[in-house]
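All values below were derived from every heavy atom in this structure, side-chain atoms included, with hydrogens, water molecules and symmetry-related copies excluded.
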Amino acid sequence: PGASTFGTPIYTSFYNSLLSKLNLDASVPAQVALVSAEFRNQREALSDNGKATAINGPFTFAAVTLSAAGCLDRINFERAPANAASKLFFNEVDLDAAPGQLSDTVLKTVINRLGRGLYGDNPSGAEANLLVADVRASMDLDPANDAAETREAMLYLCTAMSSSTLGLEQ
């Protein structure tokens, strides 16, 4: 166990792929603190044999949890003022401001940036509309709420997209 027929365990491939897609540098511990810790915690639940039958409940849970940790690391990286020039996904979003800024246009821009980074292409218009509707239905984006709601909405989008079937297969 632990080695696929291609030489790299699936869980390690998924972890490395996630770091690459989210443009997180594993050699900078502060950039990958959450995702690295979660990878170590979830490692046993992730498939390591490369067989589709191993993609089960524990694998799915581990993939979502690992994606959320990676997305939170990316949000924290982009939130730091010193990294303003290195923003990739949340350029139009002030991660320290209330969610009133999250218009449908801004959400779709973030969705498209995530799509290009995670899948290599923009989601279709219908997919983007579904994600916007889903984040609006699932989150309390009241403009009077605090900035944590903005970060939670970005975490929701990033995690949903990076742990989707399309995100896992890339």
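Between the CZ atom of R151 and the CG atom of D146 there is a distance of 7.0 Å, given to the nearest 0.5 Å. From M161, atom CE reaches atom NZ of K21 across 10.5 Å, with rounding to the nearest 0.5 Å. To the nearest 0.5 Å, the span separating CG on N76 from CG on N83 amounts to 10.5 Å. The CG atom of L72 lies 12.5 Å from the OG atom of S67; values are rounded to the nearest 0.5 Å.
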Criterion side chain to side chain contact (heavy atoms under 4.5 Å, CB included) on N23 and S86, from CA distance to verdict: CA-CA 10 Å; N23 200 33; S86 300; over 6 Å; no

Residue pair Y15, V35: steps toward the side chain to side chain contact (heavy atoms under 4.5 Å, CB included) verdict: CA-CA 8 Å; Y15 171 74; V35 72; 4.2 Å; yes

Derivation and outcome, side chain to side chain contact (heavy atoms under 4.5 Å, CB included), residues R79 and D96: CA-CA 7 Å; R79 187 175 172 208; D96 289 311; 2.5 Å; yes

From CA spacing to verdict: side chain to side chain contact (heavy atoms under 4.5 Å, CB included), Q31, D73: CA-CA 6 Å; Q31 237 184 71; D73 276 337; over 6 Å; no

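The two atoms that bring L107 and M154 nearest to each other are CD2-CE, 3.7 Å, heavy atoms only. Of all the heavy atoms in V32 and D25, the pair that sits closest is CG1-O, 3.7 Å. K87 and E78 get closest at one heavy-atom pair: CE-O, 3.3 Å.
A salt bridge is absent between R116 and D121; no separation between the charged side-chain nitrogens and carboxylate oxygens falls under 4.0 Å.
In this structure, V64 is not a member of the same hydrophobic cluster as I75, with clusters built from ILVMFWY side-chain heavy atoms closer than 4.5 Å.
The side chain to side chain donor-acceptor pair (under 3.5 Å) analysis of residues 97-106, with sequence neighbours excluded, yields the pairs D104-R136.
Residue L114 forms a side chain to side chain contact (heavy atoms under 4.5 Å, CB included) with just one option from V110, I111, N112, and that option is V110.
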